[in-house]
Amino acid sequence: MKLQYLLAARVISGVLALGAATVSHATTPVLVIHGGAGVIKREMSPAKDKAVRAALALALQKGYARLKAGDAALDAVTAAITVLEDDPNFNAGKGAVFTHEGKNELDAAIMDGSNLKAGAIAGVHRVKNPILLARAVMDKTDHVMLAGEGAEVFAKEAGIELVDPSYFRTEERWQQLQKALKEDKLSQRHSDVETAKHFGTVGAVALDSEGRLAAGTSTGGMTDKRWGRIGDSPIIGAGTYANSGCAVSGTGWGEYYIRTVAAHEICMRVTQMRVPLKRAAAEVINQEIPSMGGNGGAIALDASGNMAMPFNTDGMFRGWIGADGVAHVAIYGDEDDGTADPIPDANGPDQ
């Protein structure tokens, strides 16, 4: 009987936590974005550093304009990610990396935390803005994920812009592939960090004026990938997830984010276990995933407007905008973004 009472108490506690998440909403809109983890300072020229920061700021401004206009969090996420997909400095859309066969394969996902609706696409070659197609899957079909040729057939029917595959080619990404192919022939480990650890992704999480949360992620995958490999970005719960109390977009070694169901795990700790957002995100990103051999980062946002941006690499392209209406951006680990609390001690107080 005691066990039954204990289990019942835990269930009731979880329900109450979800209930608290649904009624304790902030009214000040917040937008948080990322452009991938694994940044190495010595590999960033001053010109690229400036260009990346400008792109992050533009994405924040475009997304936040939607929030200030009273639009839904979904609209802000879509607007911000579209900017990053159109910028060749990020591994999504225009700047996507190449597969082993010399093609670009694009993945994306979006999720509405207010109703748990979601849309995702994987392995497309001609969709200019994959996040728009993921949104169309959510809004215009009864499905959650479409892949490959079928996804592109739907894109045409839905009026989503298609481009020639040459649109996605950039010389920097092509040379990354050539280097990786040479290393393959010599049976060498990939020397480029992004290629070796698969960090390239863009994403956004948003809280709108009505307290609704949303998350979205878009990626070109990993350089030199084979056999139609799909990472965590388009998999709901792994690289992308949102509910009424939490929204997460990840960037890192996708296989580990899939195995830990990382985005969902963070949100469940927040909404059902009442773990503070920063602690929940740090436990998953900086403890659970590294303990298995993976690494990367994530952005997270809760219904009260609290932000978390944990990462365990040298840097992560990231930015945020909130009540002050000012776009804040950061790249490296030694830049204070106001959210980088240390990993909480298991025996210490919550952060």
Does the pair Lys156/Glu152 count as a salt bridge with the N-to-O cut at 4.0 Å?
-> no
Any Leu132 side-chain heavy atom under 4.5 Å of Thr78 side chain | yes
Cluster check Tyr256, Ile235: I/L/V/M/F/W/Y, side chain < 4.5 angstrom = no
Which heavy atom in Leu56 sits nearest to a heavy atom in Ala330, and how many Å separate them?
-> CD1-O, 4.3 Å
For side-chain hydrogen bond (donor to acceptor under 3.5 Å, both in side chains), just list the numbers for Ser114 and Asp112, CA-CA rounded to whole Å, side-chain angles, deciding distance to a tenth of an Å, and then say yes or no.
-> CA-CA 6 Å; Ser114 68; Asp112 185 343; 2.7 Å; yes
State yes or no: do Trp174 and Leu181 share one hydrophobic cluster built from I, L, V, M, F, W and Y residues joined by side-chain heavy-atom distances below 4.5 Å, directly or via other members?
-> yes
When rounded to the nearest 0.5 Å, the distance separating CD1 of Ile121 from CE of Met138 is 13.5 Å
Taking the side chain as every heavy atom from C-beta outward, state whether Val270 and Asn243 have any atom pair closer than 4.5 Å.
-> no
Side-chain contact, heavy-atom cut-off 4.5 Å: Arg229 with Glu255?
-> yes
Are the side chain of Ser249 and the backbone of Ile299 linked by a donor-acceptor contact shorter than 3.5 Å?
-> no
Do you know the tightest heavy-atom contact between Thr313 and Ala37?
-> OG1-CB, 3.8 Å
Arg269 and Glu265: CA distance, side-chain angles, deciding distance, salt bridge (charged side-chain N to carboxylate O under 4.0 Å, His left out) verdict = CA-CA 6 Å; Arg269 293 184 186 213; Glu265 176 67 17; 2.7 Å; yes
Could you tell me the separation between the NZ atom of Lys48 and the CE atom of Met44, rounded to the nearest 0.5 Å?
-> 6.5 Å
Are side-chain heavy atoms of Tyr167 and Arg126 found at a separation under 4.5 Å?
-> no
Counting only heavy atoms not in Gln175, do more than 12 sit closer than 6.0 Å to its CD atom?
-> yes
Kindly work out whether a path of hydrophobic side-chain contacts (I/L/V/M/F/W/Y, heavy atoms less than 4.5 Å apart) joins Met111 to Val261.
-> no
Polar contact flag, side-chain donor to acceptor under 3.5 angstrom, Thr217-Thr240 | yes
Heavy-atom donor-acceptor pair, Asn91 side chain to Val97 backbone, under 3.5 Å = yes
Where Ile285 and Gly297 come nearest, the two heavy atoms and their spacing | CG2-CA, 3.8 Å
Basic-acidic side-chain contact under 4.0 Å: Lys128, Asp86 = yes
What heavy-atom pair brings Ala215 and Ala242 nearest, and what distance separates the two atoms?
-> N-CB, 4.0 Å
Kindly indicate whether the side chain of Trp320, heavy atoms from C-beta on, has any atom under 4.5 Å from the side chain of Met309.
-> yes
OG1 of Thr219 to CG of Asp107, rounded to nearest 0.5 Å, is 6.5 Å
What distance separates Leu177 CG from Lys103 NZ, expressed to the nearest 0.5 Å?
-> 13.0 Å
Say whether Val329 and Leu67 are linked into one hydrophobic cluster, either directly or through other cluster members, by side-chain heavy-atom distances under 4.5 angstrom.
-> yes
side-chain contact (heavy atoms from CB on, under 4.5 Å) between Ser244 and Thr271: does it pass, once the steps are laid out?
-> CA-CA 8 Å; Ser244 63; Thr271 59; 5.6 Å; no
On a heavy-atom basis, the closest approach of Ala76 and Ala206 is CB-CB, 4.1 Å
Validation row: His264, Ile236 side chains within 4.5 angstrom (heavy atoms) | no
Are the side chains of Ile289 and Tyr257 in touch, meaning some heavy atoms are under 4.5 Å apart?
-> yes
Quick check: does any side chain N or O of Asn306 sit under 3.5 Å from a backbone N or O of Leu301, one acting as donor and the other as acceptor?
-> no
Looking at side-chain heavy atoms only, is the closest gap between Ile81 and Phe90 below 4.5 Å?
-> no
Evaluate the salt bridge (charged side-chain N to carboxylate O under 4.0 Å, His left out) criterion for residues Arg135 and Asp75: first the C-alpha distance (whole Å), next the side-chain angles of each, then the deciding distance (0.1 Å), finally the verdict.
-> CA-CA 10 Å; Arg135 177 78 182 268; Asp75 299 317; 3.2 Å; yes
Trace of the side-chain contact (heavy atoms from CB on, under 4.5 Å) decision for Val137 with Val144 = CA-CA 6 Å; Val137 171; Val144 170; 5.8 Å; no
Could you go through the side-chain contact (heavy atoms from CB on, under 4.5 Å) check for Thr223 and Phe98 one step at a time?
-> CA-CA 5 Å; Thr223 299; Phe98 287 89; 5.8 Å; no
Between Asp208 and Ala73, is there a donor-acceptor pair closer than 3.5 Å when you use the side chain of the first and the backbone of the second?
-> yes
Kindly work out whether a path of hydrophobic side-chain contacts (I/L/V/M/F/W/Y, heavy atoms less than 4.5 Å apart) joins Leu60 to Ile110.
-> yes
Who pairs with Asp164 by salt bridge (Lys or Arg N to Asp or Glu O under 4.0 Å), at least two apart in sequence or on another chain?
-> none
Among Lys179, Arg173, Gln178, which residue meets the side-chain hydrogen bond (donor to acceptor under 3.5 Å, both in side chains) test with Gln176?
-> Arg173
Could you verify whether a donor N or O on one side chain and an acceptor N or O on the other, from Glu85 and Ser218, lie under 3.5 Å apart?
-> yes
Could you grab the distance from atom CD of Glu105 to atom CZ of Phe168, nearest 0.5 Å is fine?
-> 12.0 Å
Who passes side-chain contact (heavy atoms from CB on, under 4.5 Å) against Val83, sequence neighbours left out?
-> Leu58, Ala59, Lys62
Do Lys278 and Asp302 sit within salt-bridge range, that is, some charged N less than 4.0 Å from a carboxylate O?
-> no
So, for Ala247 and Cys267, which heavy atoms are closest and what is the spacing to 0.1 Å?
-> N-SG, 3.9 Å
Could you tell me whether Glu335 and Arg318 have a side-chain N and a carboxylate O separated by less than 4.0 Å?
-> no
May I have the step-by-step check of side-chain contact (heavy atoms from CB on, under 4.5 Å) for Phe154 and Leu133, ending in yes or no?
-> CA-CA 9 Å; Phe154 168 68; Leu133 182 55; 3.6 Å; yes
Point-to-point distance, once rounded to the nearest 0.5 Å, from NZ of Lys94 to CZ of Arg169 = 10.5 Å
